[in-house]
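These notes are about the structure you will find just below.
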Number of protein chains: 2
Amino acid sequence: MQQVAHHAGVSLATASRVLHGSGSRTVGEELRRRVEAAAQELRYVSNAPAQALARATSSVVGLIVHDVADPYFGAIAAGAMRAAREQRLMVMIAATFREPGLELEYLRGLRAQRARAVILAGSGTADAAATAELAEEIAGFEADGGRVVCIGERGPDLDTVAMANRAGGGLAVRGLWELGHRRIGVVSGPSELLTVRHRLDGARRALRALGAPLPLRAVVEGDFTRAGGRAAAVRLMTEQPDLGALLVLNDVMAAGALAGLRDDLGLAVPTRVSVVGFDDVPFAADLSPALSTVRLPLEQAGEAAVGLLLEPPGDAPRRVELAAELVLRDSTAAV
Amino acid sequence: MQQVAHHAGVSLATASRVLHGSGSRTVGEELRRRVEAAAQELRYVSNAPAQALARATSSVVGLIVHDVADPYFGAIAAGAMRAAREQRLMVMIAATFREPGLELEYLRGLRAQRARAVILAGSGTADAAATAELAEEIAGFEADGGRVVCIGERGPDLDTVAMANRAGGGLAVRGLWELGHRRIGVVSGPSELLTVRHRLDGARRALRALGAPLPLRAVVEGDFTRAGGRAAAVRLMTEQPDLGALLVLNDVMAAGALAGLRDDLGLAVPTRVSVVGFDDVPFAADLSPALSTVRLPLEQAGEAAVGLLLEPPGDAPRRVELAAELVLRDSTAAV
DNA sequence: CTGTTAGCGCATTCAT
DNA sequence: ATGAATGCGCTAACAG
């Protein structure tokens, strides 16, 4: 920038003002022109770290997900990045690959980067110790002036984009019920994930309200992956062969469940057993058969998260509630 | 850090050495202990921008993709992030959403961030003007000491992780041929994308070598998306109803093609028409029917890319060649 | 092995 | 409206 200033025959301060001046454009037309010309000619590229140092804040926002290759997070990330672009923010993505400790580590890293904000997109967990450590790090981050936004519940005093996981669980179960299903099983994910708990809880409550409480043996737990869904679904239908419908707590698992039902057990979907997934990721409609599922506005969640972290800190924690919707396709049938 | 140094009763330099000292750990045991204790107690968090400024290099690498929600890029990103993690690098992802100009803009942004390196994961394009501008920006980036690695061809003097797009196109066509297909059509993506050109070219050559050159009317072009694949496949099979097999130039398009064939035209796959995709994205095996496709080692490409940017600049451009493999599943049948 | 010192590139007072 | 000066937090000689 020195060079640019010199080349334009102005002071360093003036060059700084026209090159990065935020709002109050208090530079004369003539000088402004000269500086811009000089910058152009010298191919000046501003130095973001230096700016961050001087301003004590940067234009990068962090996004911590479990797995970028998972379409659930892919959709959220796409939404967040689209919104970030409009604000000229850069997005730094960290993937924990579902190792709990990494979330904390990456939050620290983002704090070191002096990220302006971070979005915690992965599900919270029921591990009290980990949650406490994370809360402390979050507090530190906010004390440094950073913003933190969670997608999904993490704590009452955090800005959060709330997904209708409970309501969605209820929706799915009631949809199945209306189709005439009475023997409903649940292929669940890891029970320490809050997202899983909420979805399962929503299903449970709805079933109880319908007068048919969900028996414990009708729930089986697997990894939140395709393979996990396949294994869990096969196990559940083997142990409880009278089940006529399955709620699978995310679409990726549901894809596995569909494969397991068909290839491992030879059970026809939807004639022998109906299947409902959760999330409505992009490929859900292309599965075989097209997956009925609970749609969550994933991209919108990403956008909303960026929206929240743009708003001034605020006195009370902010919340955005996103609704779920049941989408019935070909993996469910009436009985 | 001042505080930490003072608290530990050492100089700033010593604190810096134990806190961020790279390798040559030339600090006494006792002092080291004291500094670490002080840092712990004061909850010291290092300031990455300041480090970047002082060192004139950072620990962030940029990854520019077309779309994070696309499973192709999701897989590449996952591989890159896994590798980056081992090197304690942070990954800044930028998505162009297929707007050509954005690639250049993001490269500039990453340059401003003083990213240590950037990975260009999206396909190059045949637009000469855009390519030239990009080349200039790349040169500038490298002149600043940054590394650039491309996934897919971008130019002969760039470090690149080369995907076997041509070979893959040939593989697909020969696979179909061996199944007895003689009337093969291609659902192509935007022809300005180099990736598309190479895949199509590979298919063309193979067909010519087989003595059955691909007629122009047997190729139809669509967006590199599900909707694009659907529309293009429907159009192709409507105009050329005698085609017995389709090569679709990526799996996302193939998902759309499958839907179009089934829902719009009522053509059975694979009995009436066989379909081969390209990429082998995670959901390919779950489509209806399970998609035969050309597998590309996507995650490995991401890993290889960060591997390349870790190696010292090198005299000659480096290349990593990744092979393709034909995976036959249920969307193809013999005639 | 440890401390002193001089920048890194930029934003901002504070003068003018 | 513009310029001069100071410091952001840290690293890297350099000197002991």
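Computed from a predicted model, the values in this text were never measured in an experiment. Chain identifiers are assigned alphabetically (A, B, ...) following the order of the sequence lines, protein sequences preceding nucleic acid strands; residue numbering begins at 1 within each chain. The figures here come from the full heavy-atom set of this structure, side chains too, leaving out hydrogens, waters and symmetry mates.
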Distance, rounded to the nearest Å, where Gln2(B) contributes CD and dC10(D) contributes P:
9 Å

Give, for atom CG of Leu63(B) and atom CG of Leu120(B), the distance between the pair rounded to the nearest 0.5 Å.
9.0 Å

What does Met1(A) touch in the nucleic acid at a heavy-atom separation under 4.0 angstrom: a base, only the sugar-phosphate, or nothing?
sugar-phosphate

For Gln2(A), I'd like to know if atom CD has over 12 heavy atoms of other residues, nucleotides or ligands within 6.0 Å.
no

Rounded to whole angstrom units, what separation is found between the NE2 atom of His6(B) and the C1' atom of dG9(D)?
17 Å

Centres of the Phe97(A) and His66(A) rings: under 6.0 Å?
no

Mind checking the CD1-CD1 spacing from Ile93(A) to Ile93(B)? Nearest 0.5 Å is all I need.
4.0 Å

Can you tell me if the side-chain N/O atoms of Gln51(A) get under 4.0 Å from OP1 or OP2 in dA11(C)?
yes

Would you list the protein and nucleotides 3-6 of chain D atom pairs, both N or O, that sit under 3.5 Å from each other?
unit_1	atom_1	unit_2	atom_2	d
dG3(D)	OP2	Ser11(A)	N	3.1
dG3(D)	OP2	Ser11(A)	OG	3.2
dG3(D)	OP2	Thr14(A)	OG1	2.5
dG3(D)	N7	Arg17(A)	NH2	2.7

Would you mind telling me which residue lines up with the more 5' stretch of DNA chain C, Ser16(A) or Ala50(B), judged by nearest nucleotide?
Ala50(B)

Consider the side chain of Ala54(A), meaning its heavy atoms from C-beta on, and name the nucleotide among dC10(D), dA11(C), dG9(D) that approaches it most closely.
dA11(C)

Distance check needed: dA1(D) P versus Glu29(A) CD, whole Å only.
12 Å

Got a second to check how far Ser59(A)'s OG is from Met90(A)'s CE, nearest 0.5 Å?
7.5 Å

Side chain of Thr160(B), backbone of Ile151(B): donor and acceptor closer than 3.5 Å?
no

Could you check how far CG of Leu53(B) sits from C1' of dA6(C), rounded to whole Å?
13 Å

Taking atom P of dC8(D) as reference, at what distance in whole Å does atom CZ of Arg55(A) sit?
17 Å

Round to a whole Å and report the spacing from CG of Asn47(A) to C1' of dC10(D).
14 Å

Let me confirm one number: the CG-CD1 distance from Asp70(A) to Ile76(A), rounded to the nearest 0.5 Å.
9.0 Å

What is the separation between atom NE2 on His20(A) and atom C1' on dT12(C), rounded to the nearest whole Å?
14 Å

How many whole angstroms separate atom CG of Leu19(B) from atom P of dC10(D)?
8 Å

